[in-house]
Amino acid sequence: MNVILYLFYPFLVIFTLAYIYRKTSIKETIKKHWKIILLFFLCNIVFLNIYGYFRFQAEDFIPYWDHAGYYKKILELLSSISYNDFPTILHNIYESMLYNDYSYFAASFLLLPMHILGISYPRYLISVLNFFIIPTNLLLFVFLLNQFKLDRKLTVITSLAILLFTSNLAPTFYGYISSVGMFFITAIIILTFSRSHENVDILSDVIIGLLLLLIVLIRRWYAYFVVAYFISALFSEIIQAINEKKLSINRLKIILMNLFISGITASVILGVWFIPVVRTYLTNDYSSSYSAYALTDEFQYIIRFYNHYAPYTIWIILIGVGYDFIHRQNLKLTSFCLISTSIIFIMFTRIQQIDTHHYYLMNIAMLILLINGIKNLVYIIKNPRIIKTVLISICFLIVVNFYCCFSTNNLDEKSAVTFFSRTLISLSVF
């Protein structure tokens, strides 16, 4: 029976991918671009595993505190499996989900790779890369191919931007496994944007609700994304309907019903089987608990956000967002990403300081906005020679930013501010 624990996460990923493939237009994208998708997948496996292996072997890093939190949980779970029966293990996982911030639930997702590869800390990090980061990269890449209809040049730069996105990799290199939530965030976005405006898609709504619940059970601070999701999904649908001049009572009812089904699905399960989790959300004063970690100057949160994603990224995103709103195109996806990121940032900074792994809440939206910005730059420039120069320059920025962020072992994991970002601040503000 313990094999169920080992195969639960792989089954969850396969089921999610299969449903997305069956229900959305991604099926046609995969059939059309399967060679490019396969090449991107292989590049992820080869590059991240080789780079990760040599980096982890060269580092003299001793895991402690948050960096060792889930690593210890996985070791405890592996040890428990050897002498406990299946019902006891399930009970322990369930109890930890109810009462612990570091639960055995998320740790159980890595049972299979660590059982195969071994239990050393570097192999734990390699497992995180292969089971969490690579599936997220692949799913996001396919979604962007489908959404933006990328040509060859934009496909190359999209591949590079996703593969070398330092905000995804920095926390992973220091032991955080919260990146698992990004795969399900990507799946939620894909399912949300594949729903019809003509009728209520009950099955997709239920699955979205289950995925929203799942990420909250993985890490409780993913609740920020859940709140932001419902607000941004509602307003992005309304903005799109207004732009199309098709906003009606019937369409508004469909939008609200889709969101209601997702919300009630997650709420009922949470309220029936996870009452202690609900009680924690409602009664804990998180603002006081994390007051020691808060910054006295609130503007510093914006500066850290600006530096974290690198200034060139922010400016490309702003250009892309401005172009979309001026030309009234792609408003649904752009407004969803913009609203959700803004809400998450505002809510989170009202409670505590954003640490490097908390940016996983916003990374998918920021990557979508980045690729959207690069795409819109091509539309703005038009001249083929200048376009080629700009795209090569952006590729150079992505590679150099990655190099400067990870060229030494002295990454500031508290803020994930890269050396490259800091050197560009004075240039990027103009």
**ring pair (Phe, Tyr, Trp, His ring centres under 6.0 Å) against His327, all qualifying residues, sequence neighbours excluded** = Tyr323
**Asked** Does a sphere of radius 6.0 Å around CD1 in Ile249 hold more than 12 heavy atoms from other residues, nucleotides or ligands, not counting ones at 6.0 Å or beyond?
**Response** no
**Prompt:** Would you call Ile261 and Ile202 a side-chain contact if the rule is heavy atoms closer than 4.5 Å?
**Reply:** yes
**Message:** Could you measure the distance from the OH atom of Tyr360 to the OH atom of Tyr176? Nearest 0.5 Å is fine.
**Reply:** 10.0 Å
**Prompt:** So, Gln147 and Asn372: side-chain donor and acceptor under 3.5 Å apart, yes or no?
**Reply:** no
**Prompt:** Can you find a pair of side-chain heavy atoms, one from Phe305 and one from Thr349, that are under 4.5 Å apart?
**Reply:** no
**Euclidean distance, Arg219 CZ relative to His357 NE2, rounded to 0.5 Å** = 5.5 Å
**Asked** How about Phe41: does its CZ atom have over 12 heavy atoms from other parts shown lying under 6.0 Å from it?
**Response** no
**Asked** How would you list, by chain and number, every residue that makes a salt bridge (charged side-chain N to carboxylate O under 4.0 Å, His left out) with Glu244, sequence neighbours excluded?
**Response** Arg251
**Request:** Please examine the side chains of Leu139 and Ile20, heavy atoms only from C-beta on, and report whether any two atoms are closer than 4.5 Å.
**Result:** yes
**Beyond-backbone contact of Thr356 with His308, side-chain heavy atoms, under 4.5 angstrom** = yes
**side chain to side chain contact (heavy atoms under 4.5 Å, CB included) against Ile36, all qualifying residues, sequence neighbours excluded** = His33, Phe141, Thr155
**Message:** Just verifying a value: how many Å separate Lys73 NZ and Ile177 CD1, rounded to the nearest 0.5 Å?
**Reply:** 11.0 Å
**Complete:** Nearest heavy-atom contact between Ala266 and Gly209 is CB-O, 3.5 Å
**From CD1 (Ile343) to CG (Leu338), nearest 0.5 Å** = 10.0 Å
**Message:** Centre-to-centre under 6.0 Å for Tyr359 and Tyr309, is that the case here?
**Reply:** yes
**Message:** Between Tyr224 and Phe345, is the ring centroid distance below 6.0 Å?
**Reply:** no
**Prompt:** Would Phe132 and Tyr9 count as a close aromatic pair, with their ring centres under 6.0 Å?
**Reply:** yes
**Message:** Can you confirm whether Phe230 is buried at CZ, in the sense that more than 12 heavy atoms of other residues, nucleotides or ligands lie under 6.0 Å from that atom?
**Reply:** yes
**Asked** Are the side chains of Leu234 and Leu256 in touch, meaning some heavy atoms are under 4.5 Å apart?
**Response** yes
Could you list the donor-acceptor pairs under 3.5 angstrom formed between side-chain atoms of residues 180-192 and any protein atom two or more places apart in sequence or on another chain?
unit_1	atom_1	unit_2	atom_2	d
Thr186	OG1	Met182	O	2.8
Thr192	OG1	Ile188	O	2.7
Thr192	OG1	Tyr229	OH	2.7

**Item:** Of all pairs that satisfy salt bridge (charged side-chain N to carboxylate O under 4.0 Å, His left out), the ones with a partner from residues 310-323, not counting sequence neighbours
**Value:** none
**Request:** Side-chain contact test, heavy atoms from C-beta onward, threshold under 4.5 Å: evaluate it for Val378 versus Val390 and give yes or no.
**Result:** no
**Prompt:** Taking only residues two or more places apart in sequence or in another chain, which ones pass side chain to side chain contact (heavy atoms under 4.5 Å, CB included) with Ser127?
**Reply:** Leu110, Pro113, Met114, Leu117
**Request:** Report the C-alpha separation of Ile134 and Asn49 in whole Å, then their side-chain angles, then the decisive distance to 0.1 Å, and conclude whether the side-chain contact (heavy atoms from CB on, under 4.5 Å) test is met.
**Result:** CA-CA 10 Å; Ile134 292 178; Asn49 278 284; 4.2 Å; yes
**Working for side-chain contact (heavy atoms from CB on, under 4.5 Å), residues Ile394 and Leu377** = CA-CA 11 Å; Ile394 294 173; Leu377 271 176; 4.1 Å; yes
**Message:** If we check side-chain contact (heavy atoms from CB on, under 4.5 Å) with Arg195, which of these qualifies: Ile208, Val200, Ile255?
**Reply:** Ile208
**Prompt:** For Ser25 and Asn146, does a side-chain donor sit closer than 3.5 Å to a side-chain acceptor?
**Reply:** yes
**Asked** Is the backbone N or O of Lys153 less than 3.5 Å from a side-chain atom of Asp151, with the two atoms forming a donor-acceptor pair by type?
**Response** yes
**Request:** Over all heavy atoms of both residues, which pair between Asn199 and Ile254 is shortest? Give the atoms and the distance, please.
**Result:** O-CG2, 3.7 Å
**Request:** State, with a plain yes or no, whether a side-chain heavy atom of Leu217 is found less than 4.5 Å away from one of Ser103.
**Result:** no
**Message:** Applying side-chain contact (heavy atoms from CB on, under 4.5 Å) to Leu98 and Thr280, what does each step give before you reach the verdict?
**Reply:** CA-CA 9 Å; Leu98 295 180; Thr280 299; over 6 Å; no
**Request:** Walk me through it: do Phe11 and Tyr6 pass the test ring-ring contact (aromatic ring centres under 6.0 Å, His included)?
**Result:** CA-CA 10 Å; Phe11 170 80; Tyr6 287 92; over 10 Å; no
**Partner set under side chain to side chain contact (heavy atoms under 4.5 Å, CB included) for Val399, not counting sequence neighbours** = Leu160, Leu164
**Sequence-distant partners of Thr389, side chain to side chain donor-acceptor pair (under 3.5 Å), two or more places apart** = none
**Message:** Rounded to the nearest 0.5 Å, what separates atom OG1 in Thr172 from atom CD1 in Ile133?
**Reply:** 3.5 Å
**Message:** If I take atom CZ from residue Phe235 and atom CD1 from residue Ile242, how far apart are they, to the nearest 0.5 angstrom?
**Reply:** 10.0 Å
**Request:** For the pair Phe109 and Phe105, name the ring-plane relationship: parallel under 30°, tilted 30 to 60°, perpendicular over 60°.
**Result:** perpendicular
**Asked** For the side chain of Asn168 and the backbone of Asn363, is there at least one donor-acceptor N/O pair under 3.5 Å apart?
**Response** no
**Message:** For a quick check under 3.5 Å, do Tyr312 and Ser393 share a side-chain donor-acceptor pair by atom type?
**Reply:** no
**Prompt:** Should the heavy atoms of other residues, nucleotides or ligands under 6.0 Å from CZ of Phe325 be counted, would the total exceed 12?
**Reply:** yes
**Asked** What do the steps show when you test Phe40 against Asn137 for side-chain contact (heavy atoms from CB on, under 4.5 Å), and what is the final call?
**Response** CA-CA 9 Å; Phe40 176 74; Asn137 288 353; 4.1 Å; yes
**Asked** Using the ring of each side chain (for Trp, its six-membered ring), is Trp221 parallel, tilted or perpendicular to Phe348, with breaks at 30° and 60°?
**Response** perpendicular
**Complete:** Sequence neighbours excluded, the answer for salt bridge (charged side-chain N to carboxylate O under 4.0 Å, His left out) partners of Lys332 is Glu237
**Request:** Please check if atom CZ in Phe15 has more than 12 non-hydrogen atoms from other residues, nucleotides or ligands closer than 6.0 Å.
**Result:** no
**Request:** Applying side chain to side chain contact (heavy atoms under 4.5 Å, CB included), name anything that partners Leu203, two or more places apart in sequence or on another chain.
**Result:** Tyr19, Arg22, Asp201, Ile207
**Fill in**
Hits for side chain to side chain donor-acceptor pair (under 3.5 Å) against Thr334, two or more places apart or cross-chain, chain-then-number order -> Asp324, Asn330
**Complete:** By side chain to side chain donor-acceptor pair (under 3.5 Å), Asn100 pairs with (sequence neighbours left out) none
**Prompt:** How about Phe173 and Phe56: are their ring centres within less than 6.0 Å of each other?
**Reply:** yes
**Asked** Would you call Thr313 and Asn401 a side-chain contact if the rule is heavy atoms closer than 4.5 Å?
**Response** no
**NZ/Lys149: more than 12 non-hydrogen atoms of other groups inside 6.0 Å** = yes
